[in-house]
Amino acid sequence: MSNENFKPKILVFSTDKISDPGIDQAGLRKIHYSPSVYVISLPCSSGIKPRWIMRAFEKGFDGVFIAADGHECSYSPKCAEHTNNIILESQTLMKANNISPKRIRMAAICSVCAEPFSGHMDNFSRILFELGDINTEKIKYSKTNNEIKDEPKG
Amino acid sequence: MKERIGVYICHCGGNISDYVDVEELGKMFHAEDNVIISKDVMFACADSNQKAMVNDISENHLDAIVVASCSPKLHLHTFKNVASRAGLNPTNYVQVNIREQCSWPHSDKPREATVKAAGLIRAGINRVSHSESLDNIEIQVKRAVLVVGAGVAGMKAAIDLARLGNEVYLVEKDYFVGGRIAQADKLFMSGQKGKDIVAKLYAELKSYKNITLFTGATVEKVSGSLGNFHVDIKIKPRYIHVKADPTTVKKAMDECSIMVDDAFSFALTKRKAIYKNYAEALPDVPVVDIEALKNDTEFLSKYASSFDLTQQDEVLSLYAGSVLVTTGFDSYQPKDGEYGYKTVPNVLTLPEFNSLMELNPEQLVYNNKAIKKIAFIYCVGNRQTKGENKYCSRQCCTSAIYSSIQLKEKYKNITAFHLFRDIRTYGKQEILYEKSSKQGDIYIRWDEKEPPIVEQDGKSINIKVKDHLTSKKELEVEADMVVLVTGMVAREDSQQISEKFKIPIGNDKFFNEIHPKLKPVETVIKGVYIGGSCQGPKNISESVQSSLSAAAKINALLKGGTVSLDPVVARVNNDVCTWCGKCAEVCEYTAIRSIASGDKQIAQVNEAICTGCGICAPVCLVNAIEIAQYTDSEIESMIDGFMQKIEIRDKSSESEEVETTEVLMMKEFPQLWKNILESIDKSKKSIPQLAEELATDKEIITYHLMTMNKYSVVMADGMDEKEAYYYYKRKN
Ligand SMILES: Cc1cc2nc3c(=O)[nH]c(=O)nc-3n(C[C@H](O)[C@H](O)[C@H](O)COP(=O)(O)OP(=O)(O)OC[C@H]3O[C@@H](n4cnc5c(N)ncnc54)[C@H](O)[C@@H]3O)c2cc1C
Ligand code: SF4
Ligand code: SF4
Ligand code: SF4
């Protein structure tokens, strides 16, 4: 169980043309979500490297959220499949580092998805709150195994 | 590494600084962060600030800049241009969104918003310090265009492109040009005959020496990219000897006695084994149906000098700078038994029926029966809530009504029933609907859940239909003929065309443009455009409008001889790549191929094709491929920046006080506010529109509008067409 003041930090990967404008909409309409959410926008969610995700966990992010384009992706009809593969690969690396695979999530966010985005953030924050601070997870691991594995090369 | 960075943090007239301590942030970044100048500014986008930025860059020899303000969707290009004007490469500029993604959504938690803004700006500084100076990719383009499909859309576009000075290769699958309109008699709205329009366009085509027309030709293979597509086309033979005397050929045609079903007239008539689609079909050279004629050795030897049976398929290679696809549509073909098609006699589709009318100038006769009562059933194969074709074909209502008008003009004692779901005669076409109603046509409306039932009834056809306009009473209509008003579907071979040119196909199987409103004829493939009814159902004028706009786009693209492309593309680390081919496997655009490098094979990216999507990067096991501007060092330094520790003074008590006084002050609306409100009450407006209308400086409008927004007097409501400015309306 987490300490009451714990505010989970979330790194969001969005996409320039579709999900980032959706996140902007939430701001434009003053729909609130946690200020511990930080966004990096890319051309397509299929271009996220697992090593970036691992870097986020290493630096202290408690969760990574992928705001994908789903069927709207203009680059590839297989976008959801590619992004899913990236998540699976990341989860394998996370497990190897004793990071809960629940700390990564994906959902399709479209350019008008203001409420769904803030809803996802609230929901994910709750889940991460239950999971607790990523640093305690890492410490727990080091105590039992007496070592922290290196960040894997991805 | 960039070491002389300028940072500009915007108040946005309060939109940001009311919640985020912009002044404090302005003092936070110093030389140890490679920041030479750091400023908080009232409006970063204001002309005065832009000028100051240009001065700062040159006076302080800045090598990169960061602006923390609104969403990059609004002002990315504004500040890239500032960089360019100051002689800085625009790729050394990073925009940080502290409004839409910070001050606004976290307006409830100002202190935390300030902490987040600091992290966002720190990430922006880190990113820009790793940024590279990238030049746009310049590509030489050949001023030649391949147009695929010589229907009305393709022919019109070819003529325009040639008139503008481009070399044009027009490739038509059929042996004759014109597409669907050559099959039609009189056309709405002009009443011209389809065949006459085709003849006129063909004469115009032929007057241009820079148009080469290939008939009986299809695209076999496509390689290359924007500026230099390499296309192999296959041309089927006509089996007419190149030196044949036209009079003898004509004589052979007259004398030929072998008849086969004529696909051009929907098998309503037979045609000869030496044929043209219709007497005036163009080009004016017949075709020998070799399968049908091959056993008539006597005839073949009599006209041996006219025929050349040794002719083979010919493959030609062409080079074109750009491609326009105008391959048109097919008509929906009903399944056997659908509304009695093929199972009840005298049930035809609308194209078949139009052909029948053209073939019967005096009296309408079919299967030896005089046709007097005709029932049209609308929306066949379209608007299927549960079926494949959910869309409406837009032109079939008008087509059917126009056929009905011609029926009454041409023949005597005709009764026409129209069994419709909705009538979609938009625009001027409504006049035809009115004309048909006035001439006594009977309209009966049915619902998709209870479609009409078509059955044979002795020598007539009986149609049971529930009339939704008169309390769903079941009516029985007796008719001599039923016409199924079939809609448009994508060409059977559209999948093959899509694979050759990599054009995406939509759920409806028509080709997909990038954006129906903003990029209506462009595809995601650079240099490949679409026009006419291969994009979706269109009538002639809509088909021509789209193909002509594609022609204009293509001409603008090719006329300078070079094209400048965004440098955001994939690149390979030659030392690390082992050519496993994984990246090439996932690339949707075949932008990656292998080349030899020293004693090994490596991946090579074709920059003209690459879209910069990045899909190839995560699949490489040895991390040998990356996207410019999204490199590991740029992204990872951003992640580090978000998490760097920051100290912020707690000024919350002071800021609360300021807030109350401002609110009180703002109760008195200045005159300008009243004028703005009056104007936006009429219709929503953007900042430049208001500035023009109220003859007031754009910066002053911006300041007041932002303040009005801050106090919830106005609110944003969508963006203008260029996605440069928000529209504002009164907030209730
Ligand atoms: C029954 C009916 C009646 C109509 N009446 C009217 C009317 O009165 N007024 C009106 O405005 N509109 C009418 N329309 C609509 C009109 O037919 C279309 O708007 C028009 O034909 C579209 O022109 P297009 O050039 O896009 O396509 P098409 O006419 O289909 O031409 C496409 C051309 O591309 C060629 N092609 C196809 N595939 C390939 C390939 N792979 N390689 C090379 N070439 C290829 C085809 O052979 C064809 O010549 C009617 C439609 C129907 C079905
Ligand atoms: S145009 Fe008319 S007949 Fe055609 S699909 Fe639309 S509503 Fe049905
Ligand atoms: S996936 Fe990597 S190693 Fe394999 S070919 Fe592509 S760049 Fe080279
Ligand atoms: S960035 Fe996209 S288009 Fe470019 S090579 Fe990689 S997968 Fe292909």
Side-chain angles (χ1 to χ4, degrees), chain A residues 7 9 11-17 20-21 23-53 55-61 71 73-79 81-83 85-86 89-90 114 117-118 121 153-154, chain B residues 70-74 97 99-109 111-116 119-120 123 127 504-505 512 514-515 524 568 586-589 611-623 626-627 630 632 635-636 638-644 712 715-716 719 723 726:
Chain A
K7 286 179 189 145
K9 292 180 209 69
L11 177 64
V12 176
F13 285 104
S14 67
T15 65
D16 294 340
K17 292 197 192 77
D20 207 56
I23 300 172
D24 277 359
Q25 275 286 324
L28 186 65
R29 293 173 45 200
K30 307 244 167 90
I31 298 175
H32 301 311
Y33 52 87
S34 159
S36 314
V37 170
Y38 295 79
V39 183
I40 295 183
S41 179
L42 304 169
C44 173
S45 62
S46 300
I48 302 168
K49 288 189 184 177
R51 60 177 276 163
W52 300 343
I53 292 172
R55 176 75 157 224
F57 291 127
E58 185 203 346
K59 290 288 162 179
F61 273 103
H71 296 299
C73 176
S74 63
Y75 291 110
S76 168
K78 294 194 206 126
C79 182
E81 188 186 319
H82 291 311
T83 310
N85 286 341
I86 292 163
E89 193 185 326
S90 306
F117 175 74
S118 78
M121 288 305 103
K153 311 267 179 294
Chain B
C70 49
S71 168
K73 272 113 227 147
L74 291 168
N97 183 351
R99 193 177 75 176
E100 282 81 348
Q101 293 189 4
C102 190
S103 71
W104 280 348
H106 312 312
S107 55
D108 55 334
K109 296 189 175 102
R111 200 181 140 68
E112 290 174 77
T114 304
V115 173
K116 171 168 171 177
L120 295 175
R127 181 180 202 170
I505 283 192
N512 255 2
I514 295 182
H515 191 288
V524 285
V568 182
V586 293
C587 177
E588 295 281 339
Y589 307 95
T611 61
C613 66
I615 296 176
C616 52
V619 301
C620 179
L621 293 174
V622 292
N623 203 16
E626 64 178 4
I627 314 300
Y630 297 91
D632 289 343
I635 302 296
E636 289 172 0
M638 284 180 83
I639 296 172
D640 299 355
F642 292 146
M643 289 316 224
Q644 235 158 298
S712 295
M715 64 187 280
M719 274 182 155
E723 301 206 337
Y726 282 111

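Chain naming here is simple, since letters A, B, ... match the order of the sequence lines and numbering starts at 1 in each.
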Bottom line for Asn512(B): the part with an atom under 4.5 Å from chain A's heavy atoms is neither

Highest number of heavy-atom pairs under 4.5 Å with chain B among Cys73(A), Ser118(A), Ser34(A) belongs to Ser34(A)

For Ile86(A), which atoms come within 4.5 Å of any heavy atom of chain B: side chain, backbone, both, or neither? side chain

Test item: Met638(B) and Trp52(A) side chains (from C-beta on) under 4.5 Å apart, heavy atoms: no

Going by salt bridge (Lys or Arg N to Asp or Glu O under 4.0 Å), name the residues that satisfy it together with Lys73(B), two or more places apart in sequence or in a different chain. Asp20(A), Asp24(A)

What option among Ser46(A), Pro77(A), Pro35(A) has the most heavy-atom pairs under 4.5 Å with chain B? Pro35(A)

For Lys7(A), enumerate each residue passing the salt bridge (Lys or Arg N to Asp or Glu O under 4.0 Å) test, keeping only those at least two apart in sequence or located in another chain. Glu112(B)

Parallel, tilted or perpendicular for Tyr38(A) and Phe61(A), by the 30°/60° rule? perpendicular

Are Asn97(B) and Leu120(B) close enough that some pair of their side-chain heavy atoms sits under 4.5 Å apart? no

Checking Asn85(A) against chain B: side chain, backbone, both or neither under 4.5 Å from a heavy atom? neither

Chain B heavy atoms under 4.5 Å from Leu11(A): which part of the residue, side chain, backbone, both or neither? side chain

When only pairs under 4.5 Å are counted, which of Val524(B), Ile635(B), Val115(B), Val586(B) shares the most heavy-atom pairs with chain A? Ile635(B)

Ion pair present between Lys49(A) and Glu626(B), side-chain N to carboxylate O less than 4.0 angstrom? no

With a 4.5 Å heavy-atom cut-off, do Ile639(B) and Glu58(A) have their side chains touching? no

If one checks every heavy atom of Gln101(B) against chain A at 4.5 Å, the contacting part turns out to be both

Side chain, backbone, both or neither of His82(A) within contact of chain B (heavy atoms, under 4.5 Å): side chain

Please flag which part of Lys109(B) lies under 4.5 Å from any non-hydrogen atom of chain A: side chain, backbone, both or neither. side chain

Is it the side chain or the backbone of Ser41(A) that comes within 4.5 Å of chain B heavy atoms, both, or neither? backbone

Should Arg55(A) and Asp640(B) count as an ion pair when the cut-off is N to O under 4.0 Å? yes

